[in-house]
Amino acid sequence: MTNDHNRRSFIKTAAAAGLLGGLAGCTRGGEQAQNGGDSTDIGGGTDGDTSTGSSSEPVIPLSEYDADIDWAQFEGSQINIGAVQHPWVSAIKPAIPVFEELTGIDVVWNILPENQFRTKRQTDVSTGAGQFDVFFMDQVVNQYRNEGWLQPLDPYFEDESLYDEAWYQPDDLFEASRWQAHGGGFSDDWTGLPITVEVQTQFYRTDLYEKHDLEVAETLEGFRQNAQTIHENESDVVGTVGRGQKGYGMNIFILNMLLREMGSSLWTEFPTDSGLDSSGVIDAATWYTNLLRDYGPDGASTQSWSDVLSTMQEGRAGHIVADANLFWPGLTGSESSIADTVGIAKVPKPADGEFAPNAYNWQISTSKNAANSKQAFLFMLWATSEPTNTWMHLHSDAAFSVRQSVWENDEFRSQVGEEFAQVTLESLQSASPDPFDRKYPEWGQRYSEELQRALAGQKSAEAAMTTAAEIAEEIYSE
Amino acid sequence: MSTQTQTETTTTSETGLARLRALWNDYLPYWFVAPMVLVMVLITFFPGAYDLYLSVIEEPTFDVFAAEFVGLSNYATAFGRGGALHSFIITVTVVVSALALESVLGFGLAALVAGVESERLQSFYRVLFIVPMAVAPVSLATIGRIMLNSEIGVIPYLIEATTPFAAPAFLSEIPLLTVVLLDTWNWTPFMFIIFYAGLSSVPDTLIEASKVDGAPLWRRYLHVIIPYMKPVVFVATLIRMIDLFRTFGVVYGLTQGGPGTATQLVSINIYEQMFINNSPGVAAAIAVVYLVFVVAIANIVIAKVGFEGVWD
Amino acid sequence: MASENQSQSSVDTGSQRLDKDTRETLVGVARHGLLLAWSFVVLFPLYWLASMSLKPPGSANSLPPDWLFLPTVYNYIRLAQDGAFLAAFANSVVMVSASVVLVLLIGVPAAYVLSRYDIPMERDVLVWILSSRMLPPIAVVIPFFVIFRELNLFDSRIGMVFMYVSINLSLVVWVMKAFFDGIPETLEEAARVDGATRFQGFRKVVLPAAKPGIFSVAIISFIFAWIELLFGLVLTNFKAVPVTLFVYSFIGSRSIEWGMLAAASMAMILPVVVFLVAVNKYLAAGLSFGVVIKE
Amino acid sequence: MASITLDDVTKEFGDGGDAVVAVDDVSLDIEDGEFVVFVGPSGSGKSTLMRMVAGLETQTDGDVYIGDQIVNQLGPRARDIAMVFQNYALYPNMTVEENMSFGLKMSTELSADEIEATVTETAEMMGIESLLDNTPGELSGGQQQRVALGRAIVRDPNVFLMDEPLSNLDAKLRTTMRTEINRLQSDLGVTTLYVTHDQTEAMTMGDRLVVLNYGELQQVGTPLACFYRPANRFVAGFIGSPSMNFFEGEVADGTLVADGFEYDLSERMRANVGDRTAVTLGARPEDYTLSEAPTDNGFEVVVDVVEPMGSVSYVYVRSVAASHDETFVVEVDGQQPISEGEQLHAHAPATDVHLFDTQTGETIHQRELTDDAENALSQPLENATAGAD
């Protein structure tokens, strides 16, 4: 049985703040900071306006930031943050007055859903407009770096007035997060600082497992059998759901894990051999395709993460084979009809393979054309520092810490549930994130298109991966 | 433009105001078109030239004018790896089928509503039938997706609950048809409203006359009403066609062009080239060819249908 | 004439008369049947949207659907308390309304000239105007971004109004040209002979006759601008953000707030319905030009 | 009230090489109070000519005077004219009263009360006072016609221009309105230009006809002058119903040889013909006689079709000797018994025959008339034919 008490208390904070949507979407739009408008921010009742921020006690004592850094050197300036509609934003917003008081820098937000944000960010950097001093960075990190749009942070790390290593404790950041912040191994420099990490975990229905006397699967074969049992014995419940929709953050987010677990990797030889037609990749694609086609919902090939989440929330699926651990609040929250009967476990692995869940980091970066890069760096540093990060996770409903210390923090663990914390921590320690090379968005899109074709039954997994390999290599051949 | 320069005012009271008024009326057609021409120049020439330029240079940098000229290689990429031709075919398929459905439905509904005798009921239908157009594309796509979801969607559920048929997996088995049907739901109102307004302008005498002749309903429409409405019917259909050619939001939200590239419209292809592949040159190349293509189609349609049947 | 027709039909056999009556009844039944069918097609998704917005959290996507549920206005209250949403909503209403007025002011006179005067290369001019709506906005948004920054129109209401005008202008010109083509030119000639200036003839005689057309394009223009997303996304930051962006904001990175998304979508339909109801009677105003001879 | 003068007026449409000449160098004097009918087939330029008087078109060349004033540069609103259009052009969004008062509001300084009084008075005169609150869409064709006329009359203009105002009415109503317009014109005494393609309307309404073809002035004259003294073959054929019959032939030794018959020319004819050889003979259907016995200059014909009209019959006959089978029309007394297929002798007396130059179409010989009739040609008959149909 899961720890109901802990899970409930995890949700209660959200409910108390007037939010029933789980972690995400507390606030939105770029206006609140600017307008000082009606805000539904959690805790402290601050609204992001500097004047009110200084009038009340900061939510984090300023003494926490007692580092060898000249915080106040840019007093009176302003930074513009381009952000995705992500729980991180709502979690940090109540702490923004702390930063504003600490540095005297005004923070202005521009918050958009992912797709829209990408469009806007690209327009901004490709035209050299430089309207964002800080922006969210994802799979396009090396693409942007290659275009010369990103600014490496190393000069700022070396600036003594801006950085204090002893205080910042960079080693507390997960290795996977630090690796991705260095362009997934493609750069020696910091391309940004990681703010959130989500790692793949498995979700299952405890009630159905009990009913059919199933064990939580550690192997892919076991998982497939569990899925089969549920699929065949339950009406209106499919064995499993999983991302099938195309897009470089969609179906291949799952497949990339499976292929690594099966001993293959992306770009066995960069940039000439994509490895996508290797037996490991083909096996992984075949396994995933068969799983979803046999025990997944009709139309599995078009399911995006939100469909996967909704189907599970509605109790129409027995499992999610692997997806972001950030589904947990949604699955256990009030939007979910299975809140009390859902379990979380580490993702399965092949019997002879390695446990290597995919992890994904959002990071924040600054562009070459940004007007206030130094201020931006101070913000990044402050936002990802231990005091801010810990406060967010203890007081502001966050569950995506890139700092190991938070996951080991007992108060945090009891808040979010021991089970969730432990599974996440162990998964993160073994996590193996995707390396996003500079043309990953382009060939990844095509690769995920091919996988989607296989999932839709338009072609075999082998044929799909062979085509994907050809396209990926052609893209780099120019 | 005809060179009518006769003055409208008598020459006796040439006060400043009168002169101004004369100037206004004498050159009225010029004043009338000038703002339109100005806006049109701004919104066509600059973006057009920009796309044309982007399509023949190497990947742009901040200083676009320092970029290297690469001839037609972006065009080659667009039609090779870029799958431009495939997306053209998909787009034309969607345009033709959706346009046919929407025109017929739109006209049928306009005719049906126009014939409703109760004025209140007619008003009700008039408002109701326009509303689908007002649903924001993102809402339509997101909520449409969940409604069509084969596991938890209400539409497959209803089909299976009320008919003996198994519901298809809309987005993966019949994606193109789904896109066309959703667009039909969304945009038939456009045809409806213009046709309806067009019908309202058909003189009663014309309808009366054909009634006295004893012509059956369909003949009355075919031989009397539609010929009279021809300009409006033609323009509404043409504009809807042009709009269909650049459909983006709802389809992207619904399928993202998938499964595979089964619903990859040209607009989606351009979006992916630009914002995912970071190849604005290829995106611009597709856009340029596409513009030429659509202009050609519009010209053919206008030449074949428009100026012979509608404008002489 | 009519009475002659009557007497003729009275000579017909009784069964034929019955047939005619039956046919009329059938036409009536078919008309209402078809209208009801389409009403259902239109209404069901709207009903579903509305019910989603009124359902308590967690049951938005339940199957079998909760046909009967205790509606809650919780989502609407949250929406109404969201100052930023309200600000964007008001902002959109202002910008879109202004753009509709402006696009009519620019487009209707131009359409009139295109309809009434001999324009050199008229077809090319018309196709050129139409070409402004041929490319997907995605293909033209970046040049506009560049221009807007140069001209200080970025994130300004004026800039957005201009964009809304630009997306609707070709529609207004084309549709209104078609409507003007249907209005006999002798109307303005009569007015001019009656002593009106060209402009008075246009304003007092032609414009009123084109009312159904004008209000139709006004509604369509309003809707096009109202649901526009891309320009609003790229060309604004804080001051001129349109409400469409807010509807997106309920689609988060790891969860979708179905109830709020539905409520916001319903809220977005509202102004369109208000506008529609307000101009409803003009849409219906069937005007007769008397005996019409096309010249 | 005003006279109208057209001085070498030309109108071309289009430009450059493909310009179409709609009106070609027309000069015309119309007296104050005169009722002049422009008549011609469609495309003859009659409407264009009127529209230039109205100021709705600007002539390419030449001058237009209304009264003594040159109006080339004036728009319609400054010319003090009123016009009735073929489709009436009633303002659909206005009531009858608003339609009628529009012009007064636009062109005069009259107060609202004065306008209302004037409109009511005119409406009574036109018998449409009960329709004042209706919109044009609610009126019948005939009522719309009256409103259109009323709208013109109420303005009390210098000139009335009427562009085929009766062509959309049914035959019976057309006759009634014809009479009414004639009556109104003579009561009001306003200079009136009237365009029609219908020669019956032209004959019955105008003081003078202006016959146009292909933009060129063919003849200006009283209806009877145009009928009895046509200036050329076109006018001879256009005016009169059924049309005059024409036979092209060759003149040799004082005899016109046509296909199917020969005609011995009289002395006067020969003198008029001179040394021309290609001559067309024209004779009106009513000037022929059909008889069983052969006559001078007669020839044998076979009856093709008989159209009894009541008091007269139109008999379509064909010359027995002709190489073609075209028929021509003969009007005979309605009581004369003639059956189809019958063979008879057709005869047109030399006094009634016209001769035209085949090449130029110009009249070279006019029929004979009595002196009284000759005098009457130049006198406009004061509505003499108004009541007749």
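Protein chains get the first letters and strands the later ones, always in sequence-line order, with residue 1 at the start of each.
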Rounded to the nearest 0.5 Å, how far does [atom2] of [Y] lie from [atom1] of [X]?
X: B:Thr142; Y: C:Ile251; atom1: OG1; atom2: CD1; result: 3.5 Å
X: B:Phe190; Y: C:Ile223; atom1: CZ; atom2: CD1; result: 10.5 Å
X: B:Met147; Y: C:Leu49; atom1: CE; atom2: CG; result: 8.5 Å
X: B:Leu38; Y: C:Ile106; atom1: CG; atom2: CD1; result: 8.5 Å
X: C:Trp38; Y: B:Phe192; atom1: CH2; atom2: CZ; result: 11.0 Å
X: C:Leu36; Y: B:Leu112; atom1: CG; atom2: CG; result: 11.0 Å

To check you understand the geometry: which heavy-atom pair defines the closest contact between [X] and [Y], and what is its length?
X: B:Pro132; Y: C:Val42; value: CG-CG1, 3.6 Å
X: B:Gly115; Y: C:Arg31; value: CA-NH1, 3.3 Å
X: C:Phe179; Y: B:Gly198; value: CZ-N, 3.9 Å
X: B:Ser267; Y: C:Ile138; value: O-CG2, 4.2 Å
X: C:Ser131; Y: B:Val295; value: CB-CG2, 4.4 Å
X: B:Ile143; Y: C:Ser265; value: CD1-OG, 4.5 Å

Q: Could you tell me whether C:Trp128 atom CH2 has more than 12 heavy atoms of other residues or ligands within 6.0 Å of it?
A: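 Yes - once you tally the heavy atoms of other residues, nucleotides and ligands closer than 6.0 Å, there are more than 12.
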
Where does [X] contact chain C at under 4.5 Å (heavy atoms): side chain, backbone, both or neither?
X: B:Val266; answer: neither
X: B:Glu151; answer: backbone
X: B:Leu105; answer: side chain
X: B:Thr247; answer: neither
X: B:Asn299; answer: both
X: B:Ala161; answer: neither
X: B:Trp24; answer: side chain
X: B:Leu158; answer: side chain
X: B:Val288; answer: neither
X: B:Val116; answer: both

Q.
Tell me every residue that passes ring-ring contact (aromatic ring centres under 6.0 Å, His included) with C:Tyr47, counting only those two or more places apart in sequence or in another chain.
A.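 With sequence neighbours excluded, C:Tyr47 shows a ring-ring contact (aromatic ring centres under 6.0 Å, His included) to no residue whatsoever.
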
Q: Sequence neighbours left out, what passes ring-ring contact (aromatic ring centres under 6.0 Å, His included) with C:Phe180? Give chain and number order.
A: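 Here the qualifying residues are C:Tyr112.
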
Non-hydrogen side-chain atoms of [X] and [Y] separated by less than 4.5 Å:
X: C:Pro45; Y: B:Trp185; answer: yes
X: C:Val113; Y: B:Met36; answer: no
X: B:Val131; Y: C:Val272; answer: no
X: C:Ile142; Y: B:Leu54; answer: no
X: C:Tyr117; Y: B:Pro29; answer: yes
X: B:Ile302; Y: C:Leu126; answer: no
X: C:Thr244; Y: B:Val138; answer: no
X: B:Met40; Y: C:Leu169; answer: yes

Mind ranking [options] by heavy-atom pairs under 4.5 Å with chain B and telling me who comes out on top?
options: C:Leu230, C:Leu229, C:Ile147, C:Asp124; value: C:Ile147
options: C:Val146, C:Val108, C:Ile219, C:Leu130; value: C:Leu130
options: C:Leu135, C:Val125, C:Ile269; value: C:Leu135
options: C:Leu171, C:Leu114, C:Val273, C:Val141; value: C:Leu171
options: C:Pro109, C:Ala30, C:Gly107; value: C:Pro109
options: C:Val247, C:Val165, C:Val175, C:Val140; value: C:Val175

Please look at [X] and chain B and tell me whether the side chain, the backbone, both or neither of the residue comes under 4.5 angstrom of a heavy atom of that chain.
X: C:Leu43; result: side chain
X: C:Phe215; result: neither
X: C:Met163; result: neither
X: C:Phe144; result: side chain
X: C:Val172; result: neither
X: C:Trp258; result: side chain

I need the residue from [options] with the largest number of non-hydrogen atom pairs under 4.5 Å to chain C.
options: B:Phe248, B:Tyr271, B:Phe275; value: B:Tyr271
options: B:Glu117, B:Met274, B:Arg246; value: B:Arg246
options: B:Tyr290, B:Phe245, B:Tyr157; value: B:Tyr157
options: B:Ala136, B:Ala298, B:Ser123, B:Ala283; value: B:Ser123
options: B:Leu291, B:Ile146, B:Leu140, B:Ile270; value: B:Ile146
options: B:Leu121, B:Val37, B:Ile194, B:Asn149; value: B:Ile194

Q: Sequence neighbours left out, what passes salt bridge (Lys or Arg N to Asp or Glu O under 4.0 Å) with C:Arg116? Give chain and number order.
A: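 C:Arg116 satisfies salt bridge (Lys or Arg N to Asp or Glu O under 4.0 Å) with C:Glu188 once adjacent residues are dropped.
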
Q: Could you label the plane-to-plane angle of the C:Trp174 and B:Phe234 rings as parallel, tilted or perpendicular, counting under 30° as parallel and over 60° as perpendicular?
A: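 Answer is tilted, since the angle falls between 30° and 60°.
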
Q | Sorted by number, residues from residues 42-49 of chain B in contact with chain C (heavy atoms, under 4.5 Å) | A |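 The residues closer than 4.5 Å to chain C, in numerical order, are B:Leu42, B:Ile43, B:Thr44, B:Phe45, B:Phe46, B:Pro47.
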
Q: Output yes when a side-chain donor or acceptor of C:Arg133 lies under 3.5 Å from a complementary backbone atom of B:Ile242, and no otherwise.
A: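 Between the backbone of B:Ile242 and the side chain of C:Arg133 there is no qualifying donor-acceptor contact (under 3.5 Å).
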
Q | B:Asn25 side-chain N/O to C:Phe199 backbone N/O, donor-acceptor pair under 3.5 Å | A |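 At least one qualifying donor-acceptor pair exists.
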
